[in-house]
Structure formats: C-alpha cells, structure tokens
Amino acid sequence: MHSSLRTGLMTLVTLALTSTASLANERFTANDIREDIIGKRIYLAVPLGGEFPLNYRRNGQVDGSGEALGLGRFAKPNDTGRWWIKGDRLCQQFTSWYKGAPMCFELQKINDKQLKWTRDNGETGTARIGSSI
C-alpha cells in the first residue's frame, strides 16, 4: 500500500474512533435532558435480559410498567411519580417504587439512542431512548 494512502486511512480511522469516543463520554446537560429524554419512552436494560419502559411526560409525570417483565410477582407492577431536573441531573420520585424516595441520575451518551445512567447512590446501568409518547 502506498505510504500516503496508508497515512490517510490511519487518519480517518483515528478521527472516527475519536468522534465516537467523545460522544460516548459526553454528559447530558439539562438542555440535553429536556430535548432527548423528556416526552420520550426510555427503556432501562434489565440485568437478566429485557427492558423496563419509563415514560417521561412533558407535564412532569413519569410512569412505568414492569408487567412484561413479571414485576408483579415482586412489587407493584405499575407506578407513577414526578420528574424534575436538578443541575444537569434527571431526578424522579415514584409513589410506591423505591419506597417513594427521590433519586437523581447523571446521564452519559453512549450513542444517539443509548445512554449510561449513574444514580446518586453509585448504581449504574444502560438505557435505550425510544419514541416520543
């Protein structure tokens, strides 16, 4: 392979990896949360497989259903609560889930449709950004 062609290809590969890595490390701002999360269905990845949907409604309400995952055997399968933004974190509080305790999350972009969340207690996970509700 010609030296300049090899150098050009290596530059393209480096740029592609750098742009993907920078997106993956980008934290959501309050504005990003309003634009990319609010008004959408967010699917939390469940450790044993499957997804848990949460609906972040524009009126400040969040609701979810664990019926498809069989959550009803362990807890109330459906719940509603409220969400708010504090700094650059998405916060929520459900009526029954988590004993009604408020919690906040820092969100990081993995790609255009996936994110990593870190709860204020250090727990982490991933989620998929779904369609508008």
Side-chain angles (χ1 to χ4, degrees):
M1 181 181 291
H2 192 271
S3 173
S4 62
L5 180 58
R6 185 175 319 154
T7 302
L9 286 174
M10 291 303 293
T11 301
L12 284 174
V13 169
T14 301
L15 287 173
L17 291 175
T18 302
S19 65
T20 302
S22 66
L23 178 63
N25 293 324
E26 189 177 330
R27 281 184 54 192
F28 277 74
T29 65
N31 194 48
D32 293 331
I33 294 168
R34 282 185 200 92
E35 288 182 12
D36 297 340
I37 305 298
I38 305 310
K40 302 261 177 69
R41 180 168 289 130
I42 305 300
Y43 296 91
L44 302 178
V46 178
L48 298 177
E51 295 179 316
F52 188 89
L54 292 175
N55 302 303
Y56 289 92
R57 301 188 185 282
R58 294 202 180 278
N59 66 0
Q61 181 182 338
V62 59
D63 57 73
S65 173
E67 289 180 5
L69 297 172
L71 185 62
R73 294 178 298 202
F74 309 105
K76 183 178 175 184
N78 301 304
D79 202 0
T80 60
R82 64 184 185 94
W83 65 262
W84 65 96
I85 297 172
K86 182 178 181 181
D88 287 335
R89 297 181 308 152
L90 175 62
C91 301
Q92 63 191 29
Q93 182 176 20
F94 286 96
T95 305
S96 299
W97 292 343
Y98 302 99
K99 298 179 182 178
M103 60 188 76
C104 295
F105 301 86
E106 180 181 288
L107 307 176
Q108 286 183 302
K109 294 178 184 180
I110 295 174
N111 58 43
D112 288 343
K113 291 293 180 189
Q114 292 184 306
L115 60 90
K116 175 185 175 188
W117 55 264
T118 304
R119 198 165 117 190
D120 47 16
N121 68 357
E123 289 183 32
T124 64
T126 59
R128 177 174 61 88
I129 301 170
S131 60
S132 296
I133 50 175

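The basis for the numbers below is simple: all heavy atoms, side chains too, and nothing from hydrogens, waters or symmetry mates.
The main-chain N or O of Ala30 is found under 3.5 Å from a side-chain atom of Asp88 such that the two form a donor-acceptor pair. A donor-acceptor pair is defined here as one N or O able to donate and one able to accept, closer than 3.5 Å; no such pair exists between the side chain of Thr80 and the backbone of Asp63. Formation of a donor-acceptor pair under 3.5 Å by the Trp84 side chain with backbone atoms of Gln93 is not found in this model. Between the Asn55 side chain and the Arg57 main chain, no donor and acceptor come within less than 3.5 Å of each other.
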What verdict does the side chain to side chain contact (heavy atoms under 4.5 Å, CB included) test give for Ile85 and Arg34, after you've listed the backbone C-alpha separation in whole Å, the side-chain angles of each residue and the deciding distance to 0.1 Å? CA-CA 9 Å; Ile85 297 172; Arg34 282 185 200 92; 3.6 Å; yes
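Rounding to the nearest 0.5 Å places CG of Asp112 at 12.0 Å from CD1 of Ile110. In this structure, OG in Ser131 is found 9.5 Å from CD1 in Ile42, a value given to the nearest 0.5 Å. One finds the CD atom of Gln114 at 8.5 Å from the CZ atom of Arg128 (value rounded to the nearest 0.5 Å).
With no hydrogens or angles considered, a side-chain donor-acceptor pair links Asn78 and Ser65 at under 3.5 Å.
At least one side-chain heavy atom of Lys116 sits less than 4.5 Å from a side-chain heavy atom of Thr124. Between Arg119 and Phe105 the shortest side-chain heavy-atom distance falls below 4.5 Å. With a 4.5 Å cut-off on side-chain heavy atoms, Phe28 and Glu106 do not count as touching. No side-chain heavy atom of Leu107 sits under 4.5 Å from any side-chain heavy atom of Asp36.
Relative to the ring axis of Tyr56, Lys40 does not place its NZ or CZ within 45° and under 6.0 Å from the centre.
Minimum heavy-atom separation, Leu44 to Ala127: CD2-CB, 3.8 Å. Across all non-hydrogen atoms, the minimal contact from Gly64 to Leu54 is CA-CD2, 3.8 Å. Nearest heavy atoms, Asp32 versus Glu26: OD2-OE2, 4.5 Å. Of all the heavy atoms in Tyr43 and Gly130, the pair that sits closest is CE1-CA, 3.9 Å. Between Gln61 and Trp83, the closest heavy-atom pair is O-CD1, 3.3 Å.
With sequence neighbours excluded, the residues that form a ring-ring contact (aromatic ring centres under 6.0 Å, His included) with Phe94 are Trp97.
Val46 and Ile129 fall within the same hydrophobic cluster, where Ile, Leu, Val, Met, Phe, Trp and Tyr residues are linked whenever their side-chain heavy atoms come under 4.5 Å apart, directly or through other members.
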